[in-house]
Asks: 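Attaching a single structure in structure tokens format; questions to follow.
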Amino acid sequence: MSVTAPPAGPPARSGKAAALGWLLTIGLNVVAPIVTYTTLTEDHGWSEFSALLLSSAWPVLDTAIMAAWRRKVDEFAVVTLVFLVITAVVSLVGAHTARALLVKDSGVTGLFGLLCLGTLLAPRPLMFYFGRKFATDGTPESTAWWNGMWRYEGLRSTMRTMTLVWGVAYVAEALTRIALAYALPTDTMVVLSPVMIYGVLAALGVWTAWFGRRRAAEGARRAAEAEAAAAATAA
């Protein structure tokens, strides 16, 4: 179904619900896994694989809390969990030399890119769920509003394009870093690798914000033109 009429605006956001939701998201999906991994590997001598697996318990807890609180699964936490499991599996495979670890890091981001591309075959692409996380406060009303936006062709096209760009960008970034890991000295790549990771992430973030605003402006313009045409026809 293709609908081009402008959607109704989102329901009023609950500042308290949004703040609590983001506190749980950042705390259980970002801060807690990093602290757990760092503490176990640096202070207790755990292997990367074991520390990553235990770190993945935090996104599981977040998913359980969200399911009990809002009666729905938080896709952001699920993606984080999948990412941590992929990282753990990749860390277990192959040699553990400095160059091999650099290649493994590239493999993780490359697999995330492939995950993005794979969801293009699903009913809704990955960026639709990321968009819902950022565009709503997680309440049933705002979630229902965002889910209802899927009936608009403009949103469907925007989410699929964003997912395609993120997927291609991360696959390209991974392949580039793997090539550089073999072409450049290891000490150079130790510095360059995180710069590339965060540089690509920052560039994608800026592009996503710009592209989203551009598509929203185009949608508003088309809606205004359609409304003017309908008014002229009625007159």
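This structure is a prediction, so every number in the text was calculated from the model and none was measured.
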Asks: About how many Å separate CG of L204 and OH of Y170, when rounded to the nearest 0.5 Å?
Replies: 5.5 Å
Asks: Mind checking side-chain hydrogen bond (donor to acceptor under 3.5 Å, both in side chains) for R214 and listing every partner two or more places apart, or none if nothing turns up?
Replies: E218
Asks: Could you check whether any side-chain N or O of W46 sits under 3.5 Å from a backbone N or O of Y37, counting only pairs where one atom can act as donor and the other as acceptor?
Replies: no
Asks: Any idea which heavy atoms bring R151 and R156 closest together, and the distance?
Replies: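 Closest approach of R151 to R156: O-NH1, 2.9 Å.
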Asks: Say you draw a straight line from OG1 of T161 to CE of M127; how long is it, rounded to the nearest 0.5 Å?
Replies: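 That separation rounds to 12.0 Å.
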Asks: Can you name the closest pair of heavy atoms from M162 and T208 and give their distance?
Replies: CE-O, 3.6 Å
Asks: I need the minimum non-hydrogen distance between M159 and F128, along with the two atoms involved.
Replies: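 Closest approach of M159 to F128, heavy atoms only: SD-CA, 3.6 Å.
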Asks: Side chain of T109, backbone of A174: donor and acceptor closer than 3.5 Å?
Replies: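 Such a contact is absent between T109 side chain and A174 backbone.
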Asks: Restricting to non-hydrogen atoms, name the atom on G154 and the atom on R215 that form the minimum distance, rounded to 0.1 Å.
Replies: O-NH1, 4.1 Å
Asks: Heavy-atom distance under 4.5 Å between the side chains of L201 and I197, does that happen here?
Replies: no
Asks: List the atom pairs, donor and acceptor, that lie under 3.5 Å between side-chain atoms in residues 110-126 and the rest of the protein, sequence neighbours left out.
Replies:
unit_1 : atom_1 : unit_2 : atom_2 : d
T119   : OG1    : C116   : O      : 2.7
T119   : OG1    : L126   : N      : 3.1

Asks: Please say yes or no: joined through hydrophobic side-chain contacts below 4.5 Å, possibly via intermediate residues, are W210 and V165 part of one cluster?
Replies: yes
Asks: Determine whether a donor-acceptor pair (N or O, by modelled atom type, separation under 3.5 Å) exists between the side chain of T38 and the backbone of I34.
Replies: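 Indeed, once roles are kept as given, a pair shorter than 3.5 Å links the two residues.
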